[in-house]
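Throughout, numbering of the chain's residues begins at 1 and tracks the sequence.
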Amino acid sequence: VIQGEARLAGPHEAVIDSDTGPRRIGFDQAILAAGSEPVALPFLPPDPRIMDSTGALALEDVPERLLILGGGIIGLEMAQVYHALGSRITVVERMPQLIPGADPELVKPLAERLKSRYALRLNTSLTAVEAAPDALVASFDDGTEARFDRLLIAVGRRPNGAALGAERAGVTVTAQGFIPTDAQMRTNIPHIFAVGDVVGQPMLAHKAVHEAKVAAETACGLKAAFEPRAIPSVAYTDPEIAWAGLTTTEAKAQGIPVKAASFPWAASGRALSLGRPEGLTRLVIEPETGRLLGLGIAGPHAGELLAEGVLAIEMGADAADLALTIHPHPTLS
């Protein structure tokens, strides 16, 4: 294990800038797993009170007034952390819903819970920030201004493909910084593989682990491929929101006919006993065959409950297979 900043120097060589100086390492095969970094906004002033998600995990104090730019998973997870610690939270999202891309029906329970706790500003963009001595003065596209003690930028992540010197090895990198691969996680240079955030969406650790396993097995001469039917996503908010497979939003955009079936947790004895009846389970089904195409859950422990649905999608199960499986009662499952 060598710690340092690495870049490719050729198709069979890497250079690592370490504490002891540059070091060259030759290789027969390589796996590029350089991840991603938070997106920065160029119009913001350089100020230590403006932070990304990494900086937000290392604060020495709790800001009284925190503005979070981005109503996606990272922004909302950090919002709930700092709200629990005592911050007054304002979330600004330029799209019309929180967690854009998720099924709107799944987001509703979370949005209803948060709107009484935070200031939620949807369909709103941040246009400028003035770094005054006593506050950050934020300006929005509706002509309003507000003062905050800190600003968290949570508008997405950017892959680190362009920082690897990949062109020296002949590896293709897109304009966005992604490195294209095949099902064996090979780049266009057959002995160089790539996995994780640098390969493409979704940028999730559990996806990266499965890709890395495929790359390592292929590098060792085994037959392997990364061909998932569904990759689960979880927002670790309260309530949690979890989904996998096709969403109704994606089906509509792609012109795929689907049937959606929802179960309100207000009809679940276990949810009622927990005092959390706002939850929802939603299946996306192929109308003619009944095959399960997608699953979404909103409520406590949604991420844990989702795994059964991911397995069902992976195995090509019908909705009836789930319905006819006897589940223990009373449970959320």
Side-chain angles (χ1 to χ4, degrees), residues 35-41 49-122 124 126 138 148-159 196-197 201-209 231-244 247 276 278-280 296-307 310 332:
S36 61
E37 62 183 11
V39 170
L41 298 178
R49 294 170 292 181
I50 299 176
M51 56 192 179
D52 58 28
S53 54
T54 303
L57 296 173
L59 282 189
E60 295 180 358
D61 54 58
V62 178
E64 182 181 344
R65 301 164 298 178
L66 175 61
L67 170 62
I68 296 179
L69 184 61
I73 291 177
I74 293 176
L76 295 181
E77 288 176 345
M78 297 307 303
Q80 294 207 304
V81 168
Y82 276 96
H83 179 262
L85 294 172
S87 296
R88 295 204 311 269
I89 304 293
T90 299
V91 176
V92 171
E93 169 57 51
R94 64 184 181 89
M95 301 298 285
Q97 76 164 52
L98 298 174
I99 313 184
D103 190 325
E105 290 296 317
L106 293 179
V107 179
K108 273 184 183 177
L110 176 64
E112 288 296 318
R113 187 174 179 87
L114 296 187
K115 72 181 185 181
S116 62
R117 292 166 166 79
Y118 311 160
L120 298 179
R121 301 185 62 170
L122 303 178
T124 303
L126 179 70
F148 300 93
D149 300 302
R150 283 189 179 268
L151 166 60
L152 168 61
I153 306 300
V155 294
R157 298 183 66 85
R158 174 184 293 116
D197 288 5
Q201 300 287 358
M203 291 183 175
L204 298 170
H206 47 266
K207 183 209 75 159
V209 168
I231 299 174
S233 296
V234 184
Y236 295 99
T237 50
D238 184 20
E240 288 184 8
I241 298 176
W243 70 94
T247 67
R276 299 300 297 272
E278 77 275 15
L280 176 78
I297 305 174
H301 311 298
E304 307 290 343
L305 296 167
L306 186 73
V310 180
L332 294 176

Less than 4.5 Å apart, any side-chain heavy atom of Trp243 and any of Pro232? no
Under 3.5 Å: donor-acceptor pair, side chain of His83, backbone of Tyr118: no
Around atom CD of Gln201, are there more than 12 heavy atoms from other residues, nucleotides or ligands closer than 6.0 Å? yes
Does any non-hydrogen side-chain atom of Leu114 lie less than 4.5 Å from one of Leu120? yes
Locate the shortest heavy-atom distance separating Gly70 from Val91; write the atom from each residue and the value. O-CG1, 4.1 Å
Sequence neighbours left out, what passes side-chain hydrogen bond (donor to acceptor under 3.5 Å, both in side chains) with Asp149? Give chain and number order. Arg65
Using atom types as modelled and distance alone, determine if a side-chain donor or acceptor of Thr124 lies under 3.5 Å from a backbone N or O of Leu122. yes
So, the side chain of Gln97 versus the backbone of Ile99: is there a donor-acceptor pair under 3.5 Å, distance only? yes
List the steps and the verdict of salt bridge (charged side-chain N to carboxylate O under 4.0 Å, His left out) for Arg88 and Glu64. CA-CA 6 Å; Arg88 295 204 311 269; Glu64 182 181 344; 3.1 Å; yes
Between the side chain of Glu240 and the main-chain N/O of Gly299, is any donor-acceptor distance below 3.5 Å? no
If we only count heavy atoms from C-beta on, is the Ile68 to Ile153 side-chain gap below 4.5 Å? no
Are Leu280 and Lys108 close enough that some pair of their side-chain heavy atoms sits under 4.5 Å apart? no
In this structure, CG of Asp103 is separated from CD1 of Ile241 (nearest 0.5 Å) by 10.0 Å
Taking the side chain from Ser87 and the backbone from Ile89, do they hold a donor-acceptor pair closer than 3.5 Å? no
Check whether any side-chain heavy atom of Met51 sits under 4.5 Å from a side-chain heavy atom of Leu151, and report yes or no. no
Where is the tightest heavy-atom contact between Gly35 and Asp197, given as atom of each residue plus distance? C-CB, 3.7 Å
Not counting sequence neighbours, which residues clear salt bridge (Lys or Arg N to Asp or Glu O under 4.0 Å) with Arg49? List them please. Asp47
d(Ile297 CD1, Leu106 CG) to nearest 0.5 Å is 8.5 Å
If we only count heavy atoms from C-beta on, is the Arg158 to Pro38 side-chain gap below 4.5 Å? no
Can you tell me how far CZ of Arg150 sits from CG of Leu59, rounded to the nearest 0.5 angstrom? 4.5 Å
Ionic contact status for Arg121 with Glu93, cut-off 4.0 Å: no
Using 0.5 Å steps for rounding, measure from the OG1 atom of Thr237 to the CG atom of Leu110. 4.5 Å
Does Leu152 reach the side chain of Leu69, with side-chain heavy atoms less than 4.5 Å apart? no
Locate the shortest heavy-atom distance separating Pro100 from Gly71; write the atom from each residue and the value. CD-O, 4.2 Å
d(Asp61 CG, Leu85 CG) to nearest 0.5 Å is 11.0 Å
Table please: side-chain donor-acceptor pairs of residues 72-81 below 3.5 Å, with sequence neighbours left out.
| residue | atom | partner | partner atom | Å |
| --- | --- | --- | --- | --- |
| Glu77 | OE2 | Tyr236 | N | 2.8 |
| Gln80 | OE1 | Asp238 | N | 2.5 |
| Gln80 | NE2 | Asp238 | O | 3.3 |

So which heavy atom on Gly196 is nearest to which on Ala208, and how close? CA-CB, 3.5 Å
With side chains defined as the heavy atoms from C-beta onward, is the minimum distance between Arg94 and Val155 less than 4.5 Å? no
